[in-house]
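The structure under discussion appears below in the form of structure tokens.
Letters A, B, ... are given to chains in the order of the sequence lines, protein chains preceding strands, and every chain is numbered from 1.
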Amino acid sequence: MLGTRPTARPPSWCSTGDVRDLQHAGGPAPSQRVAMGMGRARARGAPAPPGGGAWGGAAPPPPPAVRARERSPELAAAGGANRAALSFFSCPSLKMSKQQPAQFTNPETPGYVGFANLPNQVHRKSVKKGFEFTLMVVGESGLGKSTLINSLFLTDLYPERIIPGAADKIERTVQIEASTVEIEERGVKLRLTVVDTPGYGDAINCRDCFKTIISYIDEQFERYLHDESGLNRRHIIDNRVHCCFYFISPFGHGLKPLDVEFMKAIHNKVNIVPVIAKADTLSLKERERLKKRILDEIEEHGIKIYHLPDAESDEDEDFKEQTRLLKASIPFCVVGSNQLIEAKGKKVRGRLYPWGVVEVENPEHNDFLKLRTMLITHMQDLQEVTQDLHYENFRSERLKRGSRKIEDEEVNKDQILLEKEAELRRMQEMIARMQAQMQMQMQSGEADSSAVHGHHV
Amino acid sequence: MGLSCAPPRSGPVESKNEAAMSELVPEPRQKPVVPMKPMGINASLLGYIGIDTIIEQMRKKTMKTGFDFNIMVVGQSGLGKSTLVNTLFKSQVSRKSSGWNREEKIPKTVEIKAIGHVIEEGGVKMKLTVIDTPGFGDQINNENCWEPIEKYINEQYEKFLKEEVNIARKKRIPDTRVHCCLYFISPTGHSLRPLDLEFMKHLSKVVNIIPVIAKADTMTLEEKTEFKQRVRKELEVNGIEFYPQKEFDEDLEDKTENDKIRQESMPFAVVGSDKEYQVNGKRVLGRKTPWGIIEVENLNHCEFALLRDFVIRTHLQDLKEVTHNIHYETYRAKRLNDNGGLPPMTVETEENHESNL
């Protein structure tokens with residue numbers, strides 16, 4: 001296998017102490033997050049700027065933080081490069097790799113052509129271009145959607161949120177609200193759009209709940225199709241929904257009729273990831289029971305949720321094990337929180353109850369880390385499936401329908417012309433009649449007046 | 001725990017008891033230790049008459065005949081209704097234990113299932129009927145899903161009315177009327193749902209509704225207080241009178257006591273459980289989680305104890321009285337008015353009437 005095995009140097013911004021904390025807390029420290037310019041500023045100063053032009057040179061290449069990702073740049077695909085770059089949600093289950101000497105194939109080796117450098121070029125280009133991802137969250141109000149999104153991306157997407165009362169909700173219909181946030185980490189830009197659906201499941205009669213959502217998804221596909229078929233294809237913005245987190249209530253005994261109907265309506269349009277939030281309501285046994293029940297019901301109704309692709313045989317054992325674990329945990333039972341609580345001497349994100357503390361990032365307490373891992377490691381795959389499966393389905397449907405529609409339209413045009421002509425004729429007749437009437441009136445008026453005159457005289 | 005009531009007071013007999021002497025059973029009270037001296041100007045004869053012993057006589061009667069209590073639980077599936085009722089009465093009285101399989105599907109329409117048990121404590125027998133409403137609020141289209149429930153409640157009033165107007169009526173009319181309806185609010189942490197509002201608006205006029213926040217272990221203390229405040233405000237703004245209704249407070253004492261409950265404790269945020277765990281050397285009812293054990297009867301954890309005391313230990317009799325004196329009377333008046341001031345006739349008498357003509 002040609003290619004590099006890039007080193008995994010600990011990132012320039014943290015000392016070894018921080019590295020340990022990072023492993024433990026399972027995520028980049030909050031101070032490293034979101035601030036737009038930060039990653040770039042550091043990059044400029046560092047001798048070997050990550051994601052910069054270090055690739056292809058003799059200098060040691062920039063470190064992806066996690067060992068498993070090392071393989072991906074070797075796959076000559078943009079997908080692989082993306083995986084390397086999207087290391088910002090570093091996974092605690094994978095260890096930080098130890099220092100390894102640069103194993104970049106020596107350019108002086110005889111027989112070296114140099115196209116092994118291709119993945120790096122792709123990687124560099126993609127990093128410059130940045131990535132886009134659209135995530136839709138659907139679920140009844142009060143299931144913990146906003147809290148989970150804020151916890152996942154360590155941000156506050158809804159700063160001035162007013163929660164409407166029940167009386168207001170009676171009249172409301174489902175709305176679509178998209179918020180975009182640009183996250184940057186180590187030079188890699190991600191433009192994340194979160195599409196929220198307030199009002200879903202609130203009304204007494206939820207029959208029309210999903211119409212708005214489905215038409216939104218179709219609209220994005222339509223727009224992409226239109227752009228793709230257009231003349232200028234250089235800057236197509238991809239607003240298609242790549243993934244939909246569907247929130248299932250932890251209070252029920254499984255799927256509700258509304259859940260089933262909705263998922264059946266969109267499973268051919270978008271990747272569905274079922275999520276159970278507010279999982280601290282359930283004891284471990286109840287969780288297992290609920291998960292099993294939901295999986296059984298999903299199978300029973302033939303709902304196609306997003307399936308993680310199996311780890312390829314050349315991936316290392318850790319990664320394979322991780323994928324297996326993730327697959328076994330669907331649907332994920334998560335707890336969201338951005339409050340820092342003091343527990344066992346350290347500050348963790350969690351929820352404080354009189355009977356104990358629920359830690360968000362503790363794998364024994366909930367599947368938050370698994371969900372985050374899945375989202376990050378499979379972000380590329382989600383996009384691919386959206387492009388290759390759902391979008392293609394939509395496109396073929398649309399074009400089939402479209403051709404029929406064009407014929408209909410032509411027929412319609414003729415009809416419309418005929419109708420217009422008929423109307424024109426009618427109006428002309430009416431005008432003629434009115435003119436005749438006016439003339440008669442005038443004549444009779446003259447006759448009257450002359451009669452009157454005659455009378456008077 | 002005993003079905004004991006408010007602490008015994010040896011003092012002047014309260015008017016409540018006198019009103020209750022008609023049909024229903026007064027709260028059992030301890031015998032006064034010292035014979036009471038009659039008060040007032042008319043007490044020309046000093047000495048103990050013994051009027052107060054009537055309470056003891058009634059108490060003995062109650063213990064022999066026992067009494068009925070019908071409680072209805074309404075809420076979406078999975079909110080812990082059956083578990084809570086089992087916890088309230090510390091017995092397996094709900095649908096869950098009467099052969100209902102947890103794997104059952106959600107019914108397509110609202111069903112009404114009434115299960116009766118006789119439980120006994122301290123020599124007092126209670127015929128408890130738990131009326132469950134599976135299917136409520138679970139469909140995609142939940143319009144008018146409260147109608148079957150309203151119909152059931154009115155049917156029970158009708159049954160009682162028919163018995164009452166019978167010429168040869170039974171000595172003790174079996175009371176199937178719903179005395180109390182526990183409405184389970186989902187602990188979203190945001191506000192009430194439109195369905196909750198609609199249900200309570202329609203049914204607070206025919207039955208005593210006690211709103212309860214289910215599965216309260218979802219919320220931290222601050223979230224709980226905030227949610228309760230918001231729910232109380234919403235109920236007030238929408239004019240929903242839940243039990244204890246303000247207009248039925250009889251005297252100042254009742255009013256202050258009920259005000260405190262209405263404005264601070266209700267709706268009760270409860271957690272139910274029928275499993276026992278060992279905590280600090282005691283066996284308590286609770287829920288075990290990886291981060292701690294939630295004790296059901298611990299007031300720091302949830303308000304189950306408050307709900308239990310409220311429904312069973314202090315206001316059980318009042319619930320029955322309000323149902324009989326107010327809700328039932330309202331129904332009866334409406335029926336008689338509809339019938340032109342005449343009592344409704346049974347089918348048989350109507351047929352006789354026709355044959356006579």
Side-chain angles (χ1 to χ4, degrees), chain A residues 140-144 147 163-172 201-207 209-210 249-262 278-286 289-290 293 296-297 337 339 343 350-359 362 364-366, chain B residues 75-80 102-106 108 137-145 184 186-199 214-223 227 230-231 233-235 237-238 275 279 286-295 298 300-302:
Chain A
E140 288 178 1
S141 66
L143 284 184
T147 314
I163 296 175
D168 305 324
K169 284 195 213 161
I170 289 183
E171 294 306 320
R172 234 161 52 131
D202 278 345
I204 298 183
N205 184 357
C206 295
R207 207 155 276 294
C209 257
F210 16 113
S249 171
F251 308 126
H253 292 306
L255 292 179
K256 295 208 188 98
L258 179 63
D259 299 339
V260 173
E261 287 304 313
F262 180 78
K278 296 200 175 179
D280 51 356
T281 301
L282 305 163
S283 67
L284 289 178
K285 238 199 287 178
E286 287 168 350
R289 200 167 34 193
L290 184 64
R293 185 92 195 270
D296 288 342
E297 287 184 349
S337 169
Q339 279 178 318
R351 289 169 64 74
L352 177 65
Y353 290 111
W355 47 86
V357 175
V358 181
E359 295 170 43
N362 186 336
E364 287 166 32
H365 287 188
N366 67 52
Chain B
Q76 283 184 312
S77 95
L79 282 182
R102 187 181 275 274
E103 305 303 317
E104 246 177 45
K105 303 277 178 189
I106 295 177
K108 293 274 186 239
D138 290 327
Q139 316 306 328
I140 299 183
N141 183 357
N142 288 314
E143 263 167 20
N144 301 328
C145 65
F184 285 70
S186 182
T188 57
H190 289 184
S191 66
L192 286 178
R193 307 171 82 235
L195 179 62
D196 301 340
L197 268 187
E198 283 301 307
F199 177 86
K215 297 209 169 174
D217 53 347
T218 302
M219 300 186 284
T220 59
L221 280 177
E222 303 95 45
E223 289 169 354
F227 185 53
R230 217 175 298 160
V231 169
K233 190 145 165 279
E234 273 193 302
L235 291 175
V237 162
N238 286 286
K275 295 204 177 63
V279 172
R287 285 171 60 74
K288 185 148 191 251
T289 59
W291 45 87
I293 295 185
I294 303 161
E295 297 168 47
N298 182 338
N300 292 328
H301 289 189
C302 78

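- Residue Leu352(A) touches chain B through its backbone alone, counting heavy-atom pairs closer than 4.5 Å.
- Using a 4.5 Å cut-off between heavy atoms, Glu261(A) touches chain B through its side chain atoms alone.
- Interface remark: Gln76(B) contributes side-chain atoms only to the contact with chain A (heavy atom separation under 4.5 Å).
- Two residues are said to be in side-chain contact when any heavy atoms from C-beta on lie closer than 4.5 Å; Ser141(A) and Thr188(B) fail this criterion.
- Going from atom CG of Asp202(A) over to atom CG of Leu195(B) covers 11.0 Å, rounded to the nearest 0.5 Å.
- Qualifying salt bridge (charged side-chain N to carboxylate O under 4.0 Å, His left out) partners for Glu140(A), counting only residues two or more places apart in sequence or in other chains: Lys256(A), Arg193(B).
- For chain A, no part of Glu295(B) is nearby; none of its heavy atoms comes within less than 4.5 Å.
- The closest side-chain heavy-atom distance from Asn298(B) to Trp355(A) is not below 4.5 Å.
- Of the residues considered (Ser249(A), Ser283(A), Gly142(A)), Gly142(A) shows the highest number of contacts with chain B, using heavy-atom pairs under 4.5 Å.
- Here the straight-line distance linking atom CG of Leu143(A) with atom NE2 of His190(B) works out to 9.0 Å at 0.5 Å rounding.
- Remark: Phe210(A) engages Phe262(A) in a ring-ring contact (aromatic ring centres under 6.0 Å, His included) (not counting sequence neighbours).
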| message | Using the rule given for side-chain contact (heavy atoms from CB on, under 4.5 Å), can you reason through Lys215(B) versus Lys278(A), listing the C-alpha separation, both sets of side-chain angles and the distance that settles it, and then say yes or no? | response | CA-CA 11 Å; Lys215(B) 297 209 169 174; Lys278(A) 296 200 175 179; over 6 Å; no

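- Atoms CG and CH2, on Asp280(A) and Trp291(B) in that order, are 5.5 Å from each other to the nearest 0.5 Å.
- Of the listed residues Arg230(B), His301(B), Glu143(B), the one with more heavy-atom pairs under 4.5 angstrom with chain A than any other is His301(B).
- With chain A as the partner, the residue from Thr220(B), Val237(B), Thr289(B) showing the most heavy-atom pairs under 4.5 Å is Thr220(B).
- With contacts defined as side-chain heavy-atom distances shorter than 4.5 Å, the pair His365(A)/Pro290(B) qualifies.
- Thr218(B) has its side chain within reach of Phe251(A): a pair of non-hydrogen atoms, C-beta onward, lies under 4.5 Å apart.
- For chain A, the nearby parts of Leu79(B) are the backbone and the side chain; heavy atoms of each come within less than 4.5 Å.
- Across Arg351(A) and Met219(B), no two heavy atoms sit closer than the pair NH2-CA, 3.8 Å.
- Taking CD1 from Ile204(A) and CD from Gln139(B), the interatomic distance works out to 13.5 Å, rounded to the nearest 0.5 Å.
- If you measure heavy-atom distances from Asn238(B) to chain A, the contacts under 4.5 Å come from the side chain alone.
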